[in-house]
Amino acid sequence: MIARRRFFSFVLASCAAVALACSEDRGAPAVEARNWIAQGEAAHFEAQQRLSLGDIQGARAALDSAVRLAPPRIAEAGDVRVVRQDLFYQLASLELEHGRPEDAVRFATEGLALGAAEDAFTANLQIARGRALERTGDAISAARDYHAALVISEALLERSLGHGKKP
Amino acid sequence: MREEDPADLPTDEERREAEALARALDRGNAPGVPDDALQAAAFLRYSKDGGALDPDRAAALFDDAMARARKPGVASRKGWLLGFLGLATAGAATWMAAVGLESSPQETAGNELPAPPAALLAAQVEIATNRSAPLAALDARTDEYRASVYAALKGRYRP
């Protein structure tokens with residue numbers, strides 16, 4: 001009887017150890033993903049701070065290094081796209097503001113290559129690329145991007161009013 | 001009367017062995033009896049009556065043995081109950097671990113972002129339709145929206 005009790009105590013202790021190990025396995029990558037997202041957010045603050053000091057190159061470097069950071073495997077693809085598209089938008093906007101529309105087109109195109117979604121970040125990139133293409137003289141491509149952005153904005157507006165369908 | 005020499009008196013160990021031997025002679029077995037003594041007891045018993053057991057004595061031994069015997073049914077039921085509880089606990093722990101793993105961020109793929117404010121959508125429409133509208137207006141509205149989006153994204157990856 002004592003041996004049986006010892007056996008079941010052993011089984012229970014083993015189960016508890018397995019459950020603990022699983023929760024630890026889950027915790028570490030989640031922290032990694034949070035940190036990766038926080039680094040993206042911090043890059044926006046750093047870029048704005050550097051721009052306010054006139055350090056355009058520093059702002060560009062902060063955004064560029066953040067957008068090149070490899071996301072952790074646990075990070076969901078849609079979340080990775082949002083963070084990176086937002087950083088690419090900021091890069092494109094910075095280049096446009098400082099007279100480099102070709103670079104703005106390049107960054108916006110790179111961001112849009114991550115995927116299109118019916119959200120504000122994809123729409124922002126299409127607007128930024130449209131504005132950059134307009135500056136380079138490619139009005140037709142610009143109009144195409146503006147139209148795509150307007151379709152998204154309209155859908156988001158409809159959804160916010162409760163008329164649209166959920167994606 | 002002659003005084004007994006203390007050296008002649010049996011020791012406690014000798015007494016115990018003698019009692020065990022007496023029991024062995026009576027019952028045919030006893031714990032703690034040396035093998036050679038047990039063999040001697042068996043030989044004496046066999047030489048006395050050829051190992052035959054009196055029917056009354058046999059009945060008494062049987063009743064005594066039954067009274068001392070453990071009830072196997074009860075012990076078995078307890079064993080099954082403990083086994084079942086152990087398995088149920090192991091299953092529950094495995095299930096909890098599995099559910100915990102499934103609730104990792106992959107499951108949040110369907111989670112929506114916070115709804116963008118109307119001011120941001122209005123800025124998007126304005127800039128997409130008016131070439132003289134500054135992009136800085138869109139930057140400002142996006143900054144406001146960004147805080148809530150990043151808070152939601154980080155909230156999906158709680159350890």
Side-chain angles (χ1 to χ4, degrees), chain A residues 1 4-5 7-8 11-12 14-16 18-19 21-23 25-34 37-38 40-41 44 48 74-79 82-83 86 89-90 93 96-97 119-121 123-124 126-128 130-131 134 145-147 149-150 152-154 156-157 159-160 166-167, chain B residues 75 78-79 82-83 85-87 89-98 100-101 103-118 120-129 131 133-136 138-139 141-143 145-147 149-159:
Chain A
M1 201 62 165
R4 201 176 280 172
R5 277 184 191 156
F7 172 72
F8 284 117
V11 168
L12 286 178
S14 303
C15 290
V18 167
C22 288
S23 69
D25 282 346
R26 193 164 63 97
V31 169
E32 216 180 313
R34 274 174 75 90
I37 293 166
E41 189 177 21
H44 287 286
Q48 283 165 4
I74 196 174
E76 202 266 317
D79 298 343
V82 165
V83 171
D86 191 26
Y89 166 74
Q90 199 74 4
S93 174
L96 259 175
E97 198 178 330
D119 64 26
F121 298 100
N124 273 358
Q126 279 170 326
I127 290 168
R131 183 59 58 96
E134 217 180 326
D145 275 340
Y146 286 143
H147 179 256
L150 284 171
I152 293 174
S153 301
E154 187 189 6
L156 290 172
L157 199 59
R159 207 185 303 157
S160 72
K166 301 242 171 191
Chain B
K78 275 185 187 167
L82 276 174
L85 282 174
L87 282 175
T89 311
T94 307
W95 179 78
M96 282 169 72
L101 285 173
S103 67
S104 62
Q106 272 76 5
E107 198 183 40
T108 64
N111 282 9
E112 284 183 61
L113 294 174
L120 171 58
L121 299 177
Q124 286 178 339
V125 172
E126 171 71 11
I127 293 159
T129 54
R131 65 170 54 186
L135 199 64
L138 185 59
D139 288 353
R141 299 300 178 206
T142 303
D143 284 348
Y145 179 48
R146 185 173 293 126
V149 170
Y150 276 78
L153 290 178
K154 284 186 279 187
R156 292 180 192 182
Y157 298 93
R158 287 191 196 286

> What is the distance from atom NE2 of A:H44 to atom CG of B:D139, rounded to the nearest 0.5 Å?
Replying inline: 10.5 Å
> Does a side-chain heavy-atom distance below 4.5 Å link A:E32 with B:Y157?
Replying inline: no
> A:D119, A:L157, A:L156: which one forms the most heavy-atom pairs within less than 4.5 Å of chain B?
Replying inline: A:L156
>> Side chains of B:T129 and A:Y146, heavy atoms from C-beta outward: is any pair under 4.5 Å?
In response: no
>> So for A:V82, is it side chain, backbone, both, or neither that comes closer than 4.5 Å to the heavy atoms of chain B?
In response: side chain
>> Just so I understand: if I count every heavy-atom pair under 4.5 Å between each of B:A133, B:G155, B:P134 and chain A, which residue has the most?
In response: B:A133
> Does any heavy atom of chain B fall under 4.5 Å from the side chain of A:N124, the backbone, both, or neither of them?
Replying inline: both
> At a heavy-atom separation under 4.5 Å, does B:L120 approach chain A through its side chain, its backbone, both, or neither?
Replying inline: side chain
> In terms of heavy-atom proximity below 4.5 Å to chain B, should A:L96 be classed as side chain, backbone, both, or neither?
Replying inline: side chain
> Is there side-chain contact between A:R34 and B:R156, with at least one heavy-atom pair below 4.5 Å?
Replying inline: no
>> Rounded at 0.5 Å granularity, tell me how far CG in A:D86 sits from OH in B:Y145.
In response: 10.0 Å
> Is it the backbone or the side chain of A:Q126 that comes under 4.5 Å from a heavy atom of chain B, or both, or neither?
Replying inline: neither
> Okay, side chain of B:Q124, backbone of A:A149: is any donor-acceptor separation there less than 3.5 Å?
Replying inline: no
>> Is there a side chain to side chain contact (heavy atoms under 4.5 Å, CB included) between B:L135 and A:Y89? Walk through the geometry before answering.
In response: CA-CA 11 Å; B:L135 199 64; A:Y89 166 74; 4.1 Å; yes
>> Given heavy-atom pairs under 4.5 angstrom as the criterion, report whether the side chain, backbone, both or neither of A:R131 touches chain B.
In response: side chain
> At a heavy-atom separation under 4.5 Å, does A:E134 approach chain B through its side chain, its backbone, both, or neither?
Replying inline: side chain
> To the nearest 0.5 Å, what is the distance between CG (A:L150) and CD1 (B:I127)?
Replying inline: 11.0 Å
> When you measure from the side chain of A:R159 to the backbone N and O of B:A115, does any donor-acceptor pair fall under 3.5 Å?
Replying inline: no
>> Let me confirm one number: the CD1-CD distance from A:I127 to B:E126, rounded to the nearest 0.5 Å.
In response: 10.5 Å
>> side chain to side chain contact (heavy atoms under 4.5 Å, CB included), that's the test. Do B:D143 and A:Q48 meet it? Break it down for me.
In response: CA-CA 10 Å; B:D143 284 348; A:Q48 283 165 4; 3.1 Å; yes
